[in-house]
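Note sheet for the following structure.
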Amino acid sequence: MADREVREPARGVDPRGVRFTAAMTSVVLAVGLVAESPRVLLAQAFLFGLCAVFGLQLNPYGVAYRRTLQSRLPPPAGMESEGPLRFSQGVGCAFAVVGAVGYATGSVALGTTATALALAAALLNAVFGVCVGCHLYVAVARVRRRASLT
């Protein structure tokens with residue numbers, strides 16, 4: 001038992017809520033990109049970080065989805081695991097912080113690049129249901145698993 005990790009119980013997440021949240025995030029990131037605003041990006045980075053560390057239930061966009069839309073829809077066909085989504089929030093936080101630092105220090109190219117990449121990932125999730133950070137989570141897990149076998 002000492003060799004096994006202690007894990008919190010897996011929580012299922014409605015994938016439609018994930019896409020709604022990604023759409024709202026896309027709007028915020030687009031505003032940050034157009035305005036070249038470190039403040040907007042830091043606000044989004046805070047939300048990303050909050051969700052990565054403490055869980056997706058704290059995301060105000062998710063709360064809005066659950067209070068306004070979820071009850072009007074039929075149950076989802078399946079639920080998504082929270083782990084990869086939380087990892088994705090951490091990746092988004094890193095990109096938003098880099099974007100904010102870029103804009104705040106006058107490195108517009110850095111700010112624009114980091115913010116545009118975060119926006120592209122959010123839009124892929126919102127429009128097509130493709131979570132780039134979730135795919136990265138799986139790739140990192142494979143590398144870790146292979147490294148532990150050697």
Side-chain angles (χ1 to χ4, degrees), residues 7-146:
R7 297 177 190 240
E8 65 181 59
R11 288 182 238 183
V13 179
D14 184 340
R16 300 164 304 180
V18 173
R19 290 179 79 170
F20 177 85
T21 296
M24 299 304 294
T25 299
S26 296
V27 171
V28 173
L29 291 171
V31 168
L33 182 66
V34 171
E36 298 179 357
S37 172
R39 288 186 177 141
V40 170
L41 294 175
L42 286 175
Q44 183 60 52
F46 175 77
L47 286 179
F48 279 143
L50 188 69
C51 294
V53 173
F54 297 108
L56 301 175
Q57 70 278 5
L58 298 177
N59 190 311
Y61 310 144
V63 171
Y65 168 77
R66 289 188 299 276
R67 289 188 180 168
T68 60
L69 298 173
Q70 189 175 36
S71 64
R72 297 179 180 156
L73 299 172
M79 301 294 265
E80 291 187 19
S81 175
E82 188 177 33
L85 296 168
R86 287 177 68 174
F87 178 84
S88 183
Q89 295 288 302
V91 173
C93 180
F95 275 89
V97 167
V98 169
V101 168
Y103 288 136
T105 61
S107 180
V108 176
L110 178 63
T112 299
T113 301
T115 306
L117 288 170
L119 175 58
L123 284 170
L124 278 171
N125 200 344
V127 176
F128 299 109
V130 174
C131 177
V132 175
C134 297
H135 288 287
L136 183 59
Y137 175 88
V138 171
V140 168
R142 282 188 190 134
V143 169
R144 290 180 67 196
R145 200 170 23 246
R146 286 185 186 142

message: Pair Gln89, Asn59 - check side chain to side chain contact (heavy atoms under 4.5 Å, CB included), show working.
response: CA-CA 10 Å; Gln89 295 288 302; Asn59 190 311; 4.2 Å; yes
field: Residue pair Met79 / Asp14: nearest heavy atoms and the distance that separates them
entry: CE-N, 3.7 Å
Pro76 to Arg16 - nearest heavy-atom pair and separation: CD-NH2, 3.2 Å
Atom pair [atom1]/[atom2] of [X] and [Y] - distance to nearest 0.5 Å:
X	Y	atom1	atom2	value
Glu82	Gln57	CD	CD	6.0 Å
Leu73	Tyr65	CG	OH	5.0 Å
Thr68	Arg66	OG1	CZ	10.5 Å

field: Within residues 71-105 or reaching into it, pairs that qualify as ring-ring contact (aromatic ring centres under 6.0 Å, His included) - sequence neighbours excluded
entry: Phe87-Tyr137
Under 3.5 Å, which donor-acceptor pairs do the side chains of residues 31-50 form with other protein atoms, sequence neighbours left out?
| unit_1 | atom_1 | unit_2 | atom_2 | d |
| --- | --- | --- | --- | --- |
| Ser37 | OG | Arg39 | N | 3.4 |
| Ser37 | OG | Val40 | N | 3.1 |
| Gln44 | OE1 | Tyr61 | OH | 3.1 |

- prompt: Judged by atom type as modelled, is there a donor-acceptor pair below 3.5 Å linking the side chain of Ser88 to the main-chain atoms of Pro84?
  reply: no
query: Does Arg86 reach the main-chain N or O of Leu56 with its side chain, forming a donor-acceptor pair under 3.5 Å?
result: no
Using a 3.5 Å cut-off and no angle test, enumerate the donor-acceptor pairs between side-chain atoms of residues 113-135 and protein atoms at least two apart in sequence or in another chain.
| unit_1 | atom_1 | unit_2 | atom_2 | d |
| --- | --- | --- | --- | --- |
| Thr113 | OG1 | Ala109 | O | 2.8 |
| Thr115 | OG1 | Gly111 | O | 2.7 |

